[in-house]
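Take a look at the structure below.
Every chain is numbered from 1, with letters handed out A, B, ... down the list of sequences.
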Protein chains: 2
Amino acid sequence: MSHISGVRQARKEKTRQALLDAALELLEGQSLSSLGLREVTRAVGIAPTAFYRHFRSVEDLGVALVEEALGSLHPMIRTTVSTTGDGEERIARAVGLIAGHVDAHPAHVRFIARERHGGVRAVREAIRGQLELFTAEVGEALASDAVSAGWGEEDLLMLAQLYVDQMLMTASLLLEAAAEGGPGERERVAGLAARQLRLISVGRAHWLDLPGGGG
Amino acid sequence: MSHISGVRQARKEKTRQALLDAALELLEGQSLSSLGLREVTRAVGIAPTAFYRHFRSVEDLGVALVEEALGSLHPMIRTTVSTTGDGEERIARAVGLIAGHVDAHPAHVRFIARERHGGVRAVREAIRGQLELFTAEVGEALASDAVSAGWGEEDLLMLAQLYVDQMLMTASLLLEAAAEGGPGERERVAGLAARQLRLISVGRAHWLDLPGGGG
DNA sequence: CCATGCAGTCAACAACTGTTCTCCGGAATT
DNA sequence: AATTCCGGAGAACAGTTGTTGACTGCATGG
């Protein structure tokens, strides 16, 4: 029970990570519900039975992958949304950050996009939980913004969810663009995403102009 | 080569449809990339080898399912977007139509949401093709609307894509709400979707207020 | 230094997969 | 009435799958 490293725990963590990495790579060409336990262990180079020392099932590994893909993203989101500056600047920075993340972790992005509505319930729910967390965080950041003065809680969360979904959509499109699009496709998609964020921004700025606005 | 019905072709079409139906039902709990050929034929009650009389592979069947799920949706979309009336009325009607479609064809909606980013390339591309068709149609309908006067082609398609993605997102959320949400969850999701459409509408109305708007 | 814990191996299990080739019966054509 | 066509059945193929139990070697804690 010692908190000191230990050669033992280090080795275990290493092959656990190898399993996660191998699974993520194999998942580029299929869905989680068709990923086999033996397939993963074969890719890592260990016996099939060793899998059970780390995960109870492939489904379990999938949930761990969700944590790995989205868990470390919260600080980045927080700082992105609460960053100051001109509206246009913020949009450009947000799109740039998304594009950078897609470039740095394409397999993670693909995994989330694929399994968000995928065939494994536990994984779907894990993703949904993380996204709800994102939505709450974005909503909180929006609340402390001058533009949101007079907004109701419900409207804030509505907007936050719109932003989160838009973020995911953009990430997925950028992934496709990088994978099979031409050289200019990346810029086209990034420009499109920026435009859509701009339109949402405009809607946000005039939201309270509505008769009965904020209701 | 006769165009007359024929008992023979009718029988064939019948079991072909049975295969599609059985596959769609089996896909409620898994993804296409894990759906087995034998699994489908077993559910229909025919020999595994008979599958090849109708589809070359499960992948092929998946593409046929895309056509079945989205092919007949174009007229509904066209009439929905080009319908007249107050903005709020149109939003309510659109959300209502989506909810009705989800109720009538839940398995189709689930299939599209799941396989849009799923593990089978040919199916992903078939879905993408249909959605691009939707986007073009919505864009065309938007062009002949008074609010869109002075809009550039690129901005119109940007807005159309926003609408199409929003439509899919709403359908998927309504499906979840119907499946595992409480009694009031349906109305909550419908209200949320209407609010998001409203915000997009506001953004659309003030789009050209921007300095350099429409550029 | 010795005993415990534990990651990983190995062999074996029954069940399942996609695909082939051969055959049958009944509709369609002539 | 005779022949062709063709959806479907059946058997067999080599591979694959998840899970079990008993095992080995080595880092750990006493």
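With hydrogens and angles disregarded, a donor-acceptor distance shorter than 3.5 Å links the side chain of Thr170(B) to the backbone of Gln166(B).
The interatomic distance linking Tyr52(B) (OH) with dC23(C) (P) rounds to 20 Å, in whole Å. Atom NZ in Lys12(B) sits about 12 Å away from atom C1' in dC5(D), given to the nearest Å. Protein atom NE2 of His54(B) is 17 Å distant from nucleotide atom C1' of dG18(C), rounded to whole Å. As a whole-Å value, the separation of Glu39(A) CD from dG18(D) C1' is 13 Å. Going from atom CG of Leu37(B) over to atom P of dT19(C) covers 7 Å, rounded to whole Å. The interatomic distance linking Phe51(A) (CZ) with dT20(D) (C1') rounds to 17 Å, in whole Å. Counting to the nearest Å, the C1' atom of dC24(C) and the CD1 atom of Ile46(B) are 16 Å from each other. Rounded to whole Å, atom P of dG18(D) lies 13 Å from atom CD of Glu59(A).
Nucleotides of DNA chain D nearest to Val58(A) and Ala50(B) differ in position, and the one nearer the 5' end is that of Ala50(B). Remark on DNA chain C: of its neighbouring residues Arg38(A) and Gly45(A), the 5'-side contact belongs to Gly45(A), judged by nearest-heavy-atom nucleotide.
Using a 4.5 Å heavy-atom cutoff, the side chains of Arg114(B) and Arg124(A) are in contact. You'll find the side chain of Met167(A) reaches within 4.5 Å of the side chain of Ile98(A), heavy atoms only.
A salt bridge between Glu39(B) and Arg42(B) is absent, with no side-chain N of the basic residue lying under 4.0 Å from a carboxylate O of the acidic one. Remark: Arg198(A) engages Glu88(A) in a salt bridge, criterion side-chain N to carboxylate O under 4.0 Å.
In this model, the phosphate group of dG8(C) is approached by a side-chain N or O of Thr15(A) to a distance below 4.0 Å at OP1 or OP2. Note on Arg42(A): a side-chain N or O is less than 4.0 Å away from OP1 or OP2 of dT17(D).
For dG8(D), the base has a donor-acceptor partner in the side chain of Arg53(B) [N/O atoms by modelled type, under 3.5 angstrom]. Taking only distance into account, the side chain of Arg8(B) never meets the base of dG7(D) through a donor-acceptor pair shorter than 3.5 Å. For dC21(C), the base has no donor-acceptor partner in the side chain of Thr49(B) [N/O atoms by modelled type, under 3.5 angstrom].
When each of Arg78(A), Arg90(A), Glu89(A), Arg93(A) is paired with Thr83(A), the side chain to side chain donor-acceptor pair (under 3.5 Å) condition holds for Arg93(A) and for no other.
One finds the CG atom of Leu192(B) at 10.0 Å from the CG atom of Asp155(A) (value rounded to the nearest 0.5 Å).
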Dot-bracket summary - DNA chain C, pairs being Watson-Crick or G-U whose distances fall under 3.5 Å, with | when paired to another strand: ||||||||||||.||||.||||||||||||

